[in-house]
2 protein chains.
Amino acid sequence: VLQLKNVSKIYSEYGQTVNALDKVSIDIDKRDFVSIIGPSGSGKSTMLHTMGLLDRPSSGTVFVDGQDTSQIRGKDVAQFRGAKMGFVFQGYNLIPRLTALQNVMLPAMLQRKDADITEKKALSLLKEVGIEQRADHKGVHLSGGEQQRVAIARALINDPAVILADEPTGALDSKASAHIMDILKNVNRAKGVTIAFVTHDNQQAEYADRIITIKDGKIFSDRCRKE
Amino acid sequence: VLQLKNVSKIYSEYGQTVNALDKVSIDIDKRDFVSIIGPSGSGKSTMLHTMGLLDRPSSGTVFVDGQDTSQIRGKDVAQFRGAKMGFVFQGYNLIPRLTALQNVMLPAMLQRKDADITEKKALSLLKEVGIEQRADHKGVHLSGGEQQRVAIARALINDPAVILADEPTGALDSKASAHIMDILKNVNRAKGVTIAFVTHDNQQAEYADRIITIKDGKIFSDRCRKE
Ligand SMILES: Nc1ncnc2c1ncn2[C@@H]1O[C@H](COP(=O)(O)OP(=O)(O)OP(=O)(O)O)[C@@H](O)[C@H]1O
Ligand SMILES: Nc1ncnc2c1ncn2[C@@H]1O[C@H](COP(=O)(O)OP(=O)(O)OP(=O)(O)O)[C@@H](O)[C@H]1O
Ligand SMILES: [Mg+2]
Ligand SMILES: [Mg+2]
C-alpha cells in the first residue's frame with residue numbers, strides 16, 4: 001500500500017543542513033497496524049508527511065498502491081490523497097471558525113459526497129469519540145483534548161483505506177487514550193484499514209503489530225509487537 | 001501569591017450553558033509546586049488561564065499577591081501579568097515567522113530589557129532545554145517537541161515569580177519530559193518560583209508537592225504527593 005524507497009528529506013535554509021530523513025526505505029502492506037517511535041526531532045512527522053504525500057521528498061521515491069507518486073501532477077495530488085487517506089495531524093489543524101461538526105464533514109464535502117448522509121455520519125463519529133455534545137462548538141472554543149478527538153473523527157469520515165496519525169492521543173488522559181486506540185484497532189481489524197501512527201509513549205506503541213523506531217532520520221529498528 | 005475565590009467561568013454562546021469552572025476557590029502560596037489533573041474538557045486550561053489573568057471570570061474574584069485583579073484596567077493587565085508570570089500554553093503559541101531565539105527573547109523585549117543581555121540569556125535557556133542547534137529556525141520549521149521546548153525557554157526568560165504551564169511535556173518522550181520536569185523542579189527549589197502545571201499523566205503529577213484533581217469545573221480533591 002505504501003512504500004518509501006531510499007527517501008531523504010533535507011532542509012538547508014538555515015545555513016546548516018538538517019537530514020530530517022536519511023535514505024529511508026520501508027514497506028507498509030495492506031491491513032498493517034504500525035507504530036513509529038523516536039526522540040523529538042528524529043523525523044517521525046516528516047516520515048508520516050512524506051508517506052501521506054503532504055511533503056515531497058528531496059530524493060528517493062514514494063509509491064502508493066504500487067504507483068510512483070512523483071509522476072502525479074501537483075494539483076492532482078490532493079484529490080489522489082483525499083480519496084485514499086485520512087490524517088490526524090500533530091497540531092490537530094482544525095479550522096477555528098468552523099464548528100466541530102463542520103470540521104468532521106469537510107473532507108467528505110471536498111470529495112463531493114451527499115451532505116445529509118455526511119452529516120449523519122459525522123454526528124455518529126463525534127458520538128463514537130465521546131464529544132457529540134460539542135458538535136456545534138467552533139474549533140477555537142474546544143479544549144485541547146476535544147480538538148484532538150474531532151481530528152480523529154475527521155480522519156475517519158471518508159472510510160479511508162489508510163490512516164496516518166501523528167500522536168493521536170497526545171492531549172488525552174489514559175482512559176480517553178485507550179478508547180481512541182481501541183477505535184483505531186477496531187477500524188484496522190474489522191474494516192481492514194492500514195494504519196500508521198506516531199507516538200512517544202512506549203506502552204502505546206505496543207498496540208500496533210509492528211513497531212518502527214527512528215533516530216536522526218534513519219530507521220533504527222523494525223520489530224513485531226512483544227507478545 | 002494566587003487566589004481564586006468562588007470563581008465560575010460560564011460559556012453560553014451555543015444555546016447550552018457550559019460551566020467550565022463552577023465556584024472554584026483555591027489558594028496557591030509562594031514556592032508551591034502544584035499539579036492539576038482531570039479528564040479532557042474538565043476545566044484545567046480554563047483554570048490556568050483564569051489564574052494567569054488571560055481570561056476574566058464570569059463571577060468570583062482572582063487575587064494576585066493579595067491584590068483584587070478585577071480592579072486592574074484592561075490594558076494594564078498585560079503589563080502586570082508580564083512582569084510576574086511566565087506561561088507555557090497547551091498549543092505552544094509560538095510566533096511562526098519568528099525564530100526560536102526571537103520567540104524566547106520576546107517577553108523580555110516587551111518588558112524593555114537590554115537586548116544583548118536578553119539574547120545571551122535566551123541562548124543559554126535554549127541550550128538548557130536541549131535545542132540550541134535550532135535557535136535560528138523559524139517557529140513553523142520546528143517539530144512539535146522542539147516548539148514545546150522553545151515555549152518552556154520563553155516562559156523562563158523573565159525570571160518570573162510564577163510559572164503556569166499547560167501540559168508542558170505533552171509532545172515529548174519520557175526522557176525529554178523528565179529533563180523538563182527536572183528544570184521546573186530546580187527553578188522551584190533553587191529560585192523559589194511558584195509553579196502550577198497541568199498534566200494528564202498521573203505519574204508526572206507526582207512531581208509536584210500538591211496535586212489538585214478537577215472534574216466538570218469543580219475541585220474534586222487537593223492532596224499532597226504520595227511519598
Ligand atoms: N470559548 C469557549 N466557548 C465555549 N466553551 C468553551 C470555550 N472554551 C472552552 N470551552 C469548554 O469548556 C470546557 C473546559 O475547557 P478546558 O479547555 O478548560 O478543558 P481542559 O480540562 O483543559 O481539557 P483538555 O485536557 O482537553 O485540554 C470544555 O468542555 C470546552 O468545550
Ligand atoms: N521546514 C523545515 N525546515 C527546517 N528544518 C525542519 C523543517 N521541518 C522540520 N525540520 C527539522 O527536521 C527535524 C525532524 O522534524 P520532525 O517534525 O519530523 O520531528 P519529529 O520526530 O516529529 O519530532 P517531535 O516528536 O518533536 O514531533 C527536526 O529537527 C526539525 O527541526
Ligand atoms: Mg512530530
Ligand atoms: Mg487543556
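Chain letters run A, B, ... following the sequence lines, proteins first and then strands; every chain starts at 1. Owing to the predicted nature of the structure, the values given are computational and were not obtained by experimental measurement.
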From the list B:H49, B:K218, B:K9, side-chain contact (heavy atoms from CB on, under 4.5 Å) partner of B:L21 resolves to B:K9
Is A:S143 in contact with chain B via its backbone, its side chain, both, or neither, using a 4.5 Å heavy-atom distance? side chain
Against chain A, label B:Q90 side chain, backbone, both or neither, depending on which of its atoms sit under 4.5 Å from a heavy atom there. side chain
Report the residue from A:D182, A:I195, A:L184 that forms a side-chain contact (heavy atoms from CB on, under 4.5 Å) with A:Y207. A:D182
Does A:R81 reach the main-chain N or O of A:L53 with its side chain, forming a donor-acceptor pair under 3.5 Å? yes
Most contact-rich option vs chain B, by heavy-atom pairs under 4.5 angstrom, among A:Q147, A:K175, A:K138, is A:K138
Please look at A:Q148 and chain B and tell me whether the side chain, the backbone, both or neither of the residue comes under 4.5 angstrom of a heavy atom of that chain. neither
I'd like to verify something: which residue of B:S40, B:G130, B:A171, B:G145 has the highest number of heavy-atom pairs under 4.5 Å with chain A? B:S40
Pair A:Q102-A:L106, side chain to side chain contact (heavy atoms under 4.5 Å, CB included): steps then yes or no: CA-CA 6 Å; A:Q102 291 167 333; A:L106 191 63; over 6 Å; no
Show your reasoning for whether side chain to side chain contact (heavy atoms under 4.5 Å, CB included) applies to B:M85 and B:V64. CA-CA 11 Å; B:M85 301 184 194; B:V64 176; 4.0 Å; yes
I need the single residue from B:V198, B:D201, B:T199 that forms a side-chain contact (heavy atoms from CB on, under 4.5 Å) with B:E167. Which is it? B:V198
I'd like to know which of A:S42, A:G91, A:G144 tops the heavy-atom pair count under 4.5 Å against chain B. A:G144
Max heavy-atom pairs within cutoff under 4.5 Å with chain B, candidates A:D136, A:I37, A:N202, goes to A:D136
So which residue, A:A176, A:G170, A:S174, ends up with the most heavy-atom pairs under 4.5 Å with chain B? A:G170
Do side-chain atoms of B:D166 reach the backbone of B:V88 as a donor and acceptor pair under 3.5 angstrom? no
Which of A:Q16, A:H141, A:Q133, A:R149 touches chain B most, by non-hydrogen pairs under 4.5 Å: A:H141
Of the listed residues (B:G38, B:G41, B:S45, B:S177), which shares the most heavy-atom pairs with chain A below a 4.5 Å separation? B:G41
